[in-house]
Amino acid sequence: MSDVSEQYVGFEEFVTRGRSADRARALHGALQRLAGGSAGDVLQEMARDVLTGRVGLRDAVRVGAYAEALGEGTRALRTAWEALPEEERARYVDEARRALASPASGHGTSPY
C-alpha cells in the first residue's frame, strides 16, 4: 500500500488536446476520491499510482485488475443511474454542466 503523504500531480497533468482544464479538474477530483478508498482497494491503488505519476492514466486502464475493477464500478454506477427518476437524472446533468461551465473554472461555456 502506498504512503498517503505522497505528493500528487496537479490537474494540469491531465489536460490534453482532447481534455479541457475543466474536464482535467473533474478527472483529478475523481482520482482523488478513488485514492481515498471510495471504490475499494484496487481502484485506490490505481488512482494513487496515477496521481503520483508512477503510471500514466492510459497505461493504468490497460492493467487487467484495474480494468476489471473499473468495469465493475461502471456497471454498478450505470445500474444506480438508471434506477433514478428521470427528473433527478436531469437535475444531476444540469448541475454537472453548470459546474463545468462555472466562471471559477476559467471558462464561461459548457464543454457539452
Worksheet item: Pick from Arg19, Arg62, Glu13: which one makes a side chain to side chain contact (heavy atoms under 4.5 Å, CB included) with Leu57?
Response: Arg19
Discussion item. Can you tell me how far apart OH (Tyr92) and CG (Leu84) are? Round to the nearest 0.5 Å.
Written reply: 6.0 Å
Item to complete: Output, in order, the C-alpha distance, side-chain angles, deciding distance and verdict of side-chain contact (heavy atoms from CB on, under 4.5 Å) for Arg75 and Arg78.
Response: CA-CA 5 Å; Arg75 283 187 291 281; Arg78 183 180 180 114; 5.7 Å; no
Practice prompt. Scan residues 26-35 for pairs that pass side chain to side chain donor-acceptor pair (under 3.5 Å), counting only residues two or more places apart or in two chains.
Written response: none
Discussion item. Please tell me whether Val55 and Tyr8 are part of a single hydrophobic cluster in this structure, the criterion being side-chain heavy atoms less than 4.5 Å apart.
Written reply: no
Worksheet item: How many angstroms lie between CG in Asp59 and CE in Met46, if you round to the nearest 0.5 Å?
Response: 12.0 Å
Worksheet item: Are any of the side-chain nitrogens in Glu88 or Arg91 under 4.0 Å away from the carboxylate oxygens of its partner?
Response: yes
Worksheet, complete the sentence: In short, Ala35 meets Leu51 closest at the heavy-atom pair CB-CD1, 3.9 Å
Discussion item. Tell me the closest heavy-atom pair linking Ala24 and Val15, and the distance in Å.
Written reply: CB-CG2, 3.5 Å
Worksheet item: Under a 4.5 Å cut-off applied to non-hydrogen side-chain atoms, are Val61 and Tyr66 in contact?
Response: no
Discussion item. Rounded to the nearest 0.5 Å, what separates atom CG in Leu31 from atom CZ in Phe14?
Written reply: 5.0 Å
Worksheet item: Rounded to the nearest 0.5 Å, how far apart are CG of Asp94 and CZ of Arg89?
Response: 13.0 Å
Worksheet entry | Where Ala65 and Val42 come nearest, the two heavy atoms and their spacing | O-CG1, 3.6 Å
Fill in: Separation between CG of Leu34 and CD of Glu45, rounded to the nearest 0.5 Å
12.5 Å
Worksheet item: Out of curiosity, Arg97 CZ to Asp22 CG, how far, rounded to the nearest 0.5 Å?
Response: 14.0 Å
